[in-house]
Visitor: 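Quick one: the structure is below, questions incoming.
Residue numbers begin at 1 in each chain, while the letters A, B, ... track the order of the sequences. In this text the structure is predicted, and so the values were computed from the model without any measurement.
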2 protein chains.
Amino acid sequence: MCSAKPPPLPAAAPPGRSGGRVGGRVTLRELAQQLGVSVATVSNAYNRPDQLSAQLRQRILGAAQELGYQGPDPLARSLRRGRTGVIGVVYDAPLDYAFADPAAALFLGRVAHTIEQAGLNLLLLSSPGNLHPDAQPVRSASVDGFIVYCAAEASTLLGAVLERRLPTVLVDQRSHPAAVQVGIDDAAGASAAARHLAELGHRHIGVVSLELAPERRGGPVTPEREAQPGYQTTAERLRGYRSALPEARIYLTETEQNIPREGEQRAADLLRQHPQITALLCMSDVLAQGALSAAQQLGLSVPHDLSVIGYDDLPSSAALNLTTVWQPTAEKGDQVGQAMLHLLAGEAAPDVQLPTRLIVRGTTAPPPEQTAR
Amino acid sequence: MCSAKPPPLPAAAPPGRSGGRVGGRVTLRELAQQLGVSVATVSNAYNRPDQLSAQLRQRILGAAQELGYQGPDPLARSLRRGRTGVIGVVYDAPLDYAFADPAAALFLGRVAHTIEQAGLNLLLLSSPGNLHPDAQPVRSASVDGFIVYCAAEASTLLGAVLERRLPTVLVDQRSHPAAVQVGIDDAAGASAAARHLAELGHRHIGVVSLELAPERRGGPVTPEREAQPGYQTTAERLRGYRSALPEARIYLTETEQNIPREGEQRAADLLRQHPQITALLCMSDVLAQGALSAAQQLGLSVPHDLSVIGYDDLPSSAALNLTTVWQPTAEKGDQVGQAMLHLLAGEAAPDVQLPTRLIVRGTTAPPPEQTAR
DNA sequence: ATCACAATCTGAAACGTTTCAGACGCCTGG
DNA sequence: CCAGGCGTCTGAAACGTTTCAGATTGTGAT
């Protein structure tokens with residue numbers, strides 16, 4: 001079934017079956033003993049080459065090679081030094097979801113890229129709440145700091161993170177005295193989008209919302225649910241929409257996941273139930289993409305019969321000619337990384353609020369007639 | 001610029017400014033001393049509740065709360081216990097690239113999901129080779145095992161990983177005696193795709209390849225480059241293509257990154273330079289997507305003037321009606337996770353080779369005329 | 001009353017480093 | 001000839017746990 005085993009790679013130093021013990025790891029102390037030098041000196045050979053003669057250093061490194069010593073144990077080193085070189089990224093949803101969202105992927109990629117420069121790495125701490133209701137992973141993670149990407153306000157996760165009292169950066173969240181906040185002007189972007197529709201003459205507007213609160217519930221939204229504190233991003237965008245549409249009638253539906261299929265389904269339901277809707281405000285481009293499918297499926301031509309606006313301005317949205325709200329996703333990642341580096345250096349870092357901008361493309365137009373259809 | 005700071009969240013236990021020292025962390029030993037019990041007992045209160053009376057345990061936990069003791073330090077615990085609960089994922093390219101590839105994202109999401117069940121987390125160890133030529137991150141990562149996702153055969157990274165002698169799973173790579181290999185039948189899938197084209201009557205076929213080797217180089221491929229060992233996946237797919245097309249003329253071009261824009265550009269170049277080409281074999285759906293754009297841009301109708309086949313069968317490809325080679329990306333992630341769990345449990349895990357399957361959709365058809373156009 | 005046994009708690013040895021405060025020679029400048 | 005300084009190297013104290021092998025009780029069975 002498998003391809004035959006090829007000859008071993010040029011690979012890694014020979015299995016050191018010469019001197020080294022079979023199973024046990026060689027320790028720094030043993031190496032020192034073998035050589036008849038102090039452990040401090042061996043440690044210095046690795047960490048402070050200027051503290052010993054080049055000659056002795058070579059001898060030590062040589063013997064290490066010989067005995068199969070891999071270099072100082074990272075864990076022990078971290079314990080002693082008091083830092084791990086790892087930043088925890090906490091994410092509220094299952095990781096497969098995180099990776100599936102292009103905006104999240106882009107953002108995380110940039111964060112990783114930034115902190116990588118400083119020799120740090122990212123530890124993914126997703127916590128599908130049901131699996132670890134006590135936020136165990138957050139409590140027991142060996143990290144130097146946390147980046148909280150997408151946790152609801154009341155989340156156990158958020159509480160557990162703050163309890164650790166480590167350098168913490170909150171992304172797209174309410175700002176908090178014990179952490180740095182980096183976000184975008186969600187409400188302003190949403191307002192701009194909604195205003196654009198209002199100016200075009202739309203009066204019956206559907207809103208395809210992201211999750212309002214952690215308990216999954218799709219479909220029409222009750223006022224109680226809208227009022228309850230949940231995801232900051234969703235709440236702000238919704239606020240932005242509403243504030244710019246004092247005159248319009250708003251039809252609000254909630255999706256359970258930020259994926260095209262959800263957007264399609266919810267948008268279709270909404271449009272079927274309220275045929276008077278002439279425009280859709282979607283809280284993400286991913287949802288908007290689904291909404292476009294829904295329109296097609298219902299035989300509505302965009303933008304003639306139906307206007308659609310997204311949020312995020314994903315790279316792929318330009319090709320779709322989607323009118324949307326741009327946000328500096330990549331820069332947000334950079335800023336988060338920078339903020340973390342500052343915190344780790346002991347410096348203060350200010351909260352950051354990045355701008356958003358409406359990008360008008362081809363999916364918006366005046367409603368079909370002056371009166372609702 | 002920022003929204004005003006809202007009142008603090010319901011949040012985390014009060015800053016414990018009562019008893020606890022200001023800056024310093026409270027240690028287990030201190031807590032024990034305060035209570036007049038031994039450190040062993042405090043440790044047991046956290047790790048083995050059955051080893052002490054419920055009453056004393058409550059007293060300890062209460063005092064911990066009081067003094068602001070966060071629970072056993074994860075680092076010290078890991079050192080003592082000999083395991084960290086972290087699996088390193090090593091990726092050959094910058095992370096923003098990793099996240100940007102939908103197939104990679106899906107795969108990683110599933111890996112994460114699987115190992116999460118066992119209380120493990122993923123540490124992202126991307127290593128743009130130029131930044132850490134010595135694979136420092138791999139050498140100094142505190143992990144219990146490695147998953148190598150996308151490293152070239154001769155990669156320093158791969159060598160460094162194997163040197164650590166930790167449980168290791170190689171993905172889409174040549175199998176190696178010191179590690180478990182999980183992959184797909186790349187060549188078979190590629191053959192099937194190529195055979196499909198041959199049977200349709202295509203004789204001049206363009207191949208839009210993924211990277212052949214780590215040194216980025218786009219465009220036409222020299223035989224030397226094709227011969228040099230590089231990425232297993234690319235090599236296998238290419239082998240599959242060639243083996244099924246003994247009669248056809250193959251025009252090979254290489255992309256520098258697995259993104260649509262690259263696919264578009266390279267495909268357009270190829271088609272302009274060799275107008276006799278009637279079909280394109282793309283090594284990923286992402287590239288195929290770009291190729292479709294290129295065709296449109298050149299005024300070629302698909303599949304009438306040009307056939308296009310992808311690889312991966314991304315979720316989005318069905319909507320594009322793209323003929324492609326399906327691979328069990330999600331299952332691959334599961335298998336990798338499982339293999340790792342087995343290795344960590346001390347059990348052996350066999351190499352795994354998953355099947356691929358050609359999915360014929362609407363982007364393939366016979367070439368325009370019997371003779372090349 | 002005695003013995004074995006469970007329940008509860010403790011002392012001390014790891015785990016594998018880093019780093020601080022010297023110690024020891026040797027050289028240089030005065 | 002001495003003070004001071006530099007270049008090398010070392011001893012020992014952390015770092016904050018877990019865990020093994022008991023010690024000390026109380027309890028029920030014999």
Visitor: If you look at every heavy atom in B:Leu125 and B:Ala141, which pair is closest and at what distance?
Guide: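 Heavy atoms only, the tightest pair is CD1-CB, 3.9 Å.
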Visitor: How close do A:Asp172 and A:Gly183 get, counting heavy atoms only, and between which atoms?
Guide: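 Closest heavy-atom pair between A:Asp172 and A:Gly183: OD1-CA, 3.4 Å.
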Visitor: What residues, two or more places apart in sequence or in another chain, satisfy side chain to side chain contact (heavy atoms under 4.5 Å, CB included) together with A:Asp144?
Guide: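 Partners of A:Asp144 under the side chain to side chain contact (heavy atoms under 4.5 Å, CB included) test: A:Arg83, A:Thr84, A:Ile87, A:Leu344.
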Visitor: If every non-hydrogen atom of B:Leu157 is compared with every non-hydrogen atom of B:Ala135, which pair is closest and at what distance?
Guide: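 Here B:Leu157 and B:Ala135 meet closest at CD1-CB, 3.7 Å.
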Visitor: Along nucleotides 5-18 of chain C, 5' to 3', which nucleotides get a B, which get an S, and which get a -, given that the test is a protein heavy-atom distance under 4.0 Å?
Guide: ---SBBBBBBBBBB
Visitor: Output all residues satisfying side chain to side chain contact (heavy atoms under 4.5 Å, CB included) with A:Ala349, sequence neighbours left out; order by chain, then residue number.
Guide: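 If we apply the side chain to side chain contact (heavy atoms under 4.5 Å, CB included) test to A:Ala349, skipping adjacent residues, the hits are A:Val180, A:Ala339, A:His342, A:Leu343.
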